[in-house]
Amino acid sequence: MPSAEATVTTERPDRYIKQLVSHLGHRLTTELADDGTGVIHRGEGRCVLTVQSGAMRLTATATDAEELAAVQDVVTRHLLRFASQEDLDITWTPLDP
């Protein structure tokens, strides 16, 4: 199962996770845990968003490379839109299978 992750430096990780889960929850299946962890399901893939000190970690997995790219694209596009005041660097790194 292909997977990739990105660590995004920001002082607002919890805020962006809540925004993404809420916004994308209108079209996709999403979850927000009490600890601030968010999960976004898209087709046969998902992205887990976790809060870290001064950052958030995005971990995407999917059944194939095409679906993985779609999950990464939707999360990246929406996160950049919400964080228009910041210049976020969202660089996905493939994880070993």
Side-chain angles (χ1 to χ4, degrees):
M1 180 174 287
S3 58
E5 72 177 14
T7 300
V8 182
T9 302
T10 178
E11 291 304 316
R12 304 175 187 184
D14 51 340
R15 178 177 178 216
Y16 292 139
I17 291 172
K18 287 178 188 174
Q19 280 184 294
L20 283 168
V21 167
S22 176
H23 178 75
L24 293 174
H26 296 289
R27 298 182 308 150
L28 305 172
T29 302
T30 61
E31 305 163 38
L32 183 61
D34 291 338
D35 68 356
T37 299
V39 182
I40 299 167
H41 301 269
R42 186 210 174 275
E44 297 298 319
R46 73 180 195 153
C47 185
V48 177
L49 305 95
T50 54
V51 176
Q52 297 182 324
S53 179
M56 78 172 120
R57 177 161 298 191
L58 314 174
T59 305
T61 56
T63 54
D64 58 43
E66 184 177 323
E67 190 63 33
L68 179 63
V71 170
Q72 291 171 282
D73 178 63
V74 74
V75 171
T76 299
R77 282 186 299 109
H78 285 87
L79 180 55
L80 289 174
R81 189 177 314 150
F82 292 138
S84 61
Q85 314 89 328
E86 293 187 62
D87 185 24
L88 297 184
D89 177 23
I90 306 170
T91 303
W92 292 93
T93 302
L95 299 174
D96 293 331

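FYI, side chains are in, hydrogens and waters are out, and symmetry mates aren't considered; it's all heavy atoms of this structure.
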Engineer: Name the orientation class of the two ring planes belonging to H23 and H26 (parallel below 30°, tilted from 30 to 60°, perpendicular beyond 60°).
Structural biologist: perpendicular
Engineer: Of all heavy-atom pairs between L88 and L80, which one has the smallest distance, and what is that distance?
Structural biologist: O-CD2, 4.1 Å
Engineer: Does T76 use its side chain to pair, donor to acceptor, with the backbone of Q72 at less than 3.5 Å?
Structural biologist: yes
Engineer: Under the side-chain contact (heavy atoms from CB on, under 4.5 Å) test against R57, which residue among V8, T37, T7 passes?
Structural biologist: T7
Engineer: Taking CD in E66 as the centre, count heavy atoms belonging to other residues, nucleotides or ligands within less than 6.0 Å. Is the count above 12?
Structural biologist: no
Engineer: Check G38 against V21 and note the closest heavy-atom contact, atom names and distance.
Structural biologist: CA-CG2, 3.9 Å
Engineer: Write down the atom of A55, the atom of P13, and the distance for their closest heavy-atom approach.
Structural biologist: O-CB, 3.2 Å
Engineer: Within this structure, what is the CD1-CD1 distance for the pair I40 and I17, rounded to the nearest 0.5 Å?
Structural biologist: 9.0 Å
Engineer: Can you find a heavy atom in the side chain of H41 that is under 4.5 Å from one in the side chain of L28?
Structural biologist: no
Engineer: Got a sec: does the CG of D87 have more than 12 other heavy atoms crowding it under 6.0 Å?
Structural biologist: no
Engineer: Would you say W92 ends up clustered with V71 if hydrophobic residues are merged whenever their side chains have heavy atoms under 4.5 Å apart, either directly or through other cluster members?
Structural biologist: no
Engineer: Looking only at non-hydrogen atoms, find the nearest pair between Y16 and F82 and report the distance.
Structural biologist: CE2-O, 3.8 Å
Engineer: For the CD atom on E44, are there more than 12 heavy atoms of other groups (residues, nucleotides or ligands in this structure) within a distance under 6.0 Å?
Structural biologist: no
Engineer: Looking at CZ of R42 and CG of L68, how far apart are the two atoms once the value is rounded to the nearest 0.5 Å?
Structural biologist: 11.0 Å
Engineer: Within this structure, what is the CG-CD distance for the pair L24 and Q19, rounded to the nearest 0.5 Å?
Structural biologist: 10.5 Å
Engineer: CG/L79 to CD/E86 distance, rounded to the nearest 0.5 angstrom?
Structural biologist: 9.0 Å
